[in-house]
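Some notes on the structure that comes next.
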Number of protein chains: 2
Amino acid sequence: MPQPPQPRCPPNCHACGLRDFAAFTELPAGALDAINRARSHTTVGRAGSTLIRENQANSQLYTLYSGWAFRYSTLKDGRRQILNFLLPGDLMGLQQEFGDDAAHGVELLTDCALCVFKGDSLWELYREHPRLGYDITWLAAHEEGNVDDNLLTAGRRNALERVAMLLLQLYRRLDRLGLAEGGSIEFPLTQQHIADALGLSLVHTNKTLRRLVHLGLHTIEDGRLSILNPRALARIAEYYDQPPRLLPLL
Amino acid sequence: MPQPPQPRCPPNCHACGLRDFAAFTELPAGALDAINRARSHTTVGRAGSTLIRENQANSQLYTLYSGWAFRYSTLKDGRRQILNFLLPGDLMGLQQEFGDDAAHGVELLTDCALCVFKGDSLWELYREHPRLGYDITWLAAHEEGNVDDNLLTAGRRNALERVAMLLLQLYRRLDRLGLAEGGSIEFPLTQQHIADALGLSLVHTNKTLRRLVHLGLHTIEDGRLSILNPRALARIAEYYDQPPRLLPLL
DNA sequence: CGAAACGTTGATAAGTTTCAACCATCGTGG
DNA sequence: CCACGATGGTTGAAACTTATCAACGTTTCG
């Protein structure tokens, strides 16, 4: 699957291409400078590579600038659960930063551009710009909300509802970032990823996807997902639109 | 099921009975005063009552002082997923504070004593004591870690593993708070709660519990859970002890 | 050309849910 | 005081959803 080249993160945050999107909040003067100082460097990662290994503590803190990634954890016999997907603007490595117990891994789904923060810059940022601390808590709470949704999905929705949920969820997140075009988005997931995100087997995921295609609700072709009937998908998943909110961006 | 009377939260944080536990971090001077000022009042809630309604925005921020509660969300037809359990020291209402989308509800499992914070005190706290902001982020990230675990459980563990996981998880959390006595803890959950937390049906939950009892791994009697074979439970759940960490307390 | 990755499909097996009872305990009101 | 309803737990049987197994097709790439 050929990846489109990912735009590289500019060396200075003032030139940040992400911040131009309408989806993100404005920052008070000075805060952007502080972020720029807290940043160690920018880098890129290859699709399929492991950015943060499971149970690895003291990793670095990242902002995903472009591309897709996901958080996951696995059991010893190989069963894997994808916890949530990470899209541009998402913070990665926060739990590792807090030295938390049994932390998840992070793997890149596509080639990605990343902002890397200095190892000890987080506390500095809180101290000098409490507003940024507030924003980071917001991001953490928001991500937890995503995981909450995924837990409801894995625990209480059936296979058809789960798949509908995932497709719609991803479409909406991309759309909010301005990355949807005419009802379709880039879609780098394999069916194995979908299965691992939903707690289903690969085979059953395949059959369920085909069922939705057969119902005319979506298609996945050439690495793009097209949502053909958002209303029907929303009804199946019981997942209705929320008013878009501005996201903090670090 | 008779509830033991819950100790009431003292009117001044300096007399906080929770903070005496070895499980919580020390606070820098001044921070405790700030918390005390940010606190609106203390209150109690009855077992079974709804503290935060689903999709309710702008609720208040609470610290659970004593008792058990849980976060949940439901589908329209009544299917309910318990997202995680809340124990003394846990913060409640943080996501609502950020006006987050489709927020969960919070229901009390036992009579509870609560600290209630003033509506707009959170930002104040961040501004005056960035360290507390840091701690709150820590708590949020830590809670997300719990939800991550629960998602792995619901998505990838079978029924026996799920139940073993839950029993052990709750035992360990209580133990860390100093609330375990001789291998047993207070246990106010019904089998319906367990089922809703694990994404299982009530009947299958019952049969799985009986299976574990029959294996001699645990008992639940008179509202107490006794862990009879922690090693075996850990092996089944593939859930091993993490070094205990000090928790921030707000 | 062959291997590897990903998707598709049918048949069978297993795990889980649903349905339908029944029991025990407990609090309450007649 | 006892009858009663409500709540929570237990159990067997049948139905259904999902997993597993096995095979095959397509595309890509070295």
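Here is the naming used below: chain letters follow the sequence lines, and residue numbers restart at 1 for every chain.
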inquiry  = Of the listed nucleotides (dT8(C), dT10(D), dT18(D)), which one gets closest to any side-chain atom of Ala159(A)?
reply    = dT18(D)
task = For Leu160(B) and dA14(C), give me the distance from atom CG to atom P, rounded to whole Å.
result = 17 Å
Pairs of donor and acceptor atoms involving the side chains of residues 47-54 of chain B, under 3.5 Å and at least two apart or interchain, shall be tabulated with distances.
from	atom 1	to	atom 2	distance (Å)
Ser49(B)	OG	Arg46(B)	O	2.7
Glu54(B)	OE1	Thr74(B)	OG1	2.6
Glu54(B)	OE2	Thr74(B)	N	2.7
Glu54(B)	OE2	Thr74(B)	OG1	3.3

note = Sorted by chain and number, sequence neighbours left out, side-chain hydrogen bond (donor to acceptor under 3.5 Å, both in side chains) with Thr205(A) holds for none
Can you give me the N/O atom pairs linking the protein to nucleotides 23-26 of chain D at distances under 3.5 Å, or say none if there are none?
none

ask   = Can you check whether Gln192(B) has a side-chain N or O nearer than 4.0 Å to OP1 or OP2 of dT7(D)?
value = no
request  = Measure the distance from CZ on Arg157(A) to C1' on dT17(D) and round it to the nearest whole Å.
outcome  = 18 Å
request  = Look at Asp111(A) together with Arg8(A) and state whether they make a salt bridge at an N to O cut-off of under 4.0 Å.
outcome  = no
key: side-chain hydrogen bond (donor to acceptor under 3.5 Å, both in side chains) against Arg80(A), all qualifying residues, sequence neighbours excluded   = Asp196(A)
query = Taking CG from Leu209(A) and P from dT18(D), how many angstroms apart are they, rounded to a whole number?
reply = 14 Å
Donor-acceptor pair, side chain of Gln95(B) and main chain of His104(B), under 3.5 angstrom = no
ask   = To the nearest Å, how far apart are His214(A) NE2 and dT9(C) C1'?
value = 14 Å
key: For Thr63(A), all residues meeting side-chain hydrogen bond (donor to acceptor under 3.5 Å, both in side chains), sequence neighbours excluded   = none
query = Which whole-number value in Å describes the distance from Glu161(A) CD to dT17(D) P?
reply = 11 Å
message = Can you pull out the residues from residues 196-208 of chain B that lie within a 4.0 Å heavy-atom distance of DNA chain C?
response = Gly199(B), Leu200(B), Ser201(B), Val203(B), His204(B)
inquiry  = Using the ring pair (Phe, Tyr, Trp, His ring centres under 6.0 Å) criterion, which residues pair with Tyr72(A)? Sequence neighbours excluded.
reply    = Phe70(A)
key: Integer-rounded Å distance: dC6(C) P and Glu221(A) CD   = 19 Å
query = Which residues pass the salt bridge (Lys or Arg N to Asp or Glu O under 4.0 Å) test with Glu143(A), sequence neighbours left out?
reply = Arg71(A)
task = For Glu161(A), enumerate each residue passing the side-chain hydrogen bond (donor to acceptor under 3.5 Å, both in side chains) test, keeping only those at least two apart in sequence or located in another chain.
result = Arg79(B)
request  = Using whole Å, report how far CD of Gln191(A) lies from P of dA19(D).
outcome  = 14 Å
query = How close or far is atom P of dT17(C) from atom CZ of Arg80(B), stated in whole angstroms?
reply = 16 Å
